[in-house]
Amino acid sequence: MSNAALAGLVLLVIGDSHLATPNYLIGPLHDQLIEQGAEVHSIGVCGANAADWVTTSPGDCGRAERRGNEPAIKIQDGASTTPITELIEQGAPDAVVVVIGDTIAAYNNETFPRSWAYQQVSTLTRAIAETGVKCYWVGPGWSNNPGRFNKTNERVEEVSDFLAENVAPCTYIDSTQFAEPGDWRTIDGQHYTGSGYRQWGQAIAEFIVENPPK
Amino acid sequence: MRPISVYALALFCLAASGTVYAQPQLYETGPAEDASFVRFISLLPDTLEVTAAGGARLTLTPENASTTWQAVRANTPLTAKLHHRDRSEDITLTAQPGEFVTVVALVGDADWFVDIGRESPDDFSAFRVSLGLMNLDPACGNASLGVADSDIEIVSEVEHRDVRRRQINPVALDIRLLCDGQPTGSPVAMGTLRAGDRWTIVAHPGKDGPGLFPVLDRMP
């Protein structure tokens with residue numbers, strides 16, 4: 001896939017636990033965006049909700065950050081988000097890639113909390129939109145079993161539909177289109193094995209290549 | 001109609017705990033229950049002061065007539081004192097999970113009064129415009145919101161204190177109120193609506209009959 005299609009572009013990738021461990025998405029997605037020629041800065045804060053990224057908000061279970069070809073740096077204690085406006089001001093990205101779906105899905109709740117999710121999503125999209133920077137929003141992928149997070153594919157579908165309707169002006173990247181339910185195996189119902197993250201990362205990168213920010 | 005900032009609004013204390021928006025959360029998977037929201041609107045001709053149980057205060061004026069939404073804890077009594085000129089009104093309300101509660105100070109026949117509209121919307125969209133009619137005029141039966149100079153109804157049969165919504169395309173729009181099917185009051189020019197915006201059109205009593213007051217719904 002390497003054709004430098006993203007050469008000259010600066011991409012900022014932020015998200016939740018899927019980016020907060022070095023061999024999760026912060027590995028293969030970051031790598032594949034670099035292979036396409038982009039300059040990439042990725043940050044994942046485990047457990048971070050969307051609106052947590054408009055302020056400095058603590059994360060309960062670690063943070064990973066990676067710049068360019070350097071390895072990801074993991075912080076377990078004292079992790080927190082960095083406000084999106086600060087990240088954009090410092091890095092001047094051409095686009096922001098938000099990877100948030102599972103943290104707003106409320107898998108343990110019988111019903112999807114739409115009002116709360118609306119608040120979460122609109123707070124972050126508005127903050128990004130006010131900077132004028134383009135953005136992508138990556139929604140949740142399928143689970144292969146509900147696991148300890150109780151991640152059901154019915155809820156994944158509901159959350160994905162909600163995000164598709166509500167993340168504009170960000171471009172929605174529908175991860176459920178990248179595989180069939182159960183194709184990507186998980187270690188706990190939510191976090192994928194290395195193979196799953198490689199496939200997910202490649203699919204996201206290919207989407208951005210096919211739909212570049214400019 | 002410009003919204004008050006979140007800081008000014010962070011006053012609507014919880015009567016039970018004194019804590020604002022203590023959101024119950026489960027690790028990594030969102031809240032245990034849906035969020036609830038409260039806001040204040042004043043349709044009075046001059047200053048309205050809103051004071052929470054904890055003493056925090058904000059002021060609404062005709063130029064700044066509405067607050068943004070503030071997230072509050074559901075199923076917990078909330079109290080506030082509304083003061084206008086020489087009289088105060090104490091209110092207590094409880095919001096359900098997912099509910100949006102609007103407290104409105106209104107002009108009455110003899111004196112001002114407070115009414116409350118509630119809704120639990122699920123029509124969130126960044127591509128379309130949500131127009132809601134909140135009927136706070138008991139004299140306006142079967143309230144409808146229509147497109148001015150046409151027979152097109154946007155929403156209809158809205159009972160007192162109820163809200164009905166409809167998604168429309170982001171277009172230029174003039175609206176009018178109908179009570180029991182009859183056009184009432186003057187049309188209101190909404191200008192060109194913007195995709196993703198949510199509006200609540202308050203139908204309210206007035207000395208010349210029911211009127212409309214559009215409020216842009218804003219998250220903090």
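Numbers restart at 1 for each chain; the letters A, B, ... are given by sequence-line order, proteins then strands.
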- prompt: Can you tell me how far OH of Tyr118(A) sits from CG of Asp122(B), rounded to the nearest 0.5 angstrom?
  reply: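 It is 13.0 Å, given to the nearest 0.5 Å.
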
task: Find the distance between OG (Ser115(A)) and CZ (Phe37(B)) and round it off to the nearest 0.5 Å.
output: 6.0 Å

query: Just wondering, do Glu33(B) and Trp116(A) contact through their side chains at under 4.5 Å, heavy atoms?
result: no

query: Is there side-chain contact between Trp69(B) and Gln119(A), with at least one heavy-atom pair below 4.5 Å?
result: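 They are not in side-chain contact.
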
query: How close do Asp34(B) and Arg114(A) get, heavy atom to heavy atom, and via which atoms?
result: OD2-N, 3.4 Å

Interchain contact, Asp16(A) with chain B, by part (heavy-atom threshold 4.5 Å): neither

- request: Counting only heavy atoms closer than 4.5 Å, note whether Ala164(A) contacts chain B via side chain, backbone, both or neither.
  value: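 It is the backbone, since no side chain atom gets that close.
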
- prompt: How about Lys134(A): does its NZ atom have over 12 heavy atoms from other parts shown lying under 6.0 Å from it?
  reply: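 Not buried by this count: 12 neighbours or fewer within 6.0 Å.
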
task: Might you confirm whether atom CZ of Arg126(A) has over 12 heavy atoms from other residues, nucleotides or ligands at distances under 6.0 Å?
output: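 Correct, the count exceeds 12.
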
- prompt: Do the rings of Phe124(B) and Phe162(A) sit parallel, tilted or perpendicular, given the 30° and 60° boundaries?
  reply: perpendicular

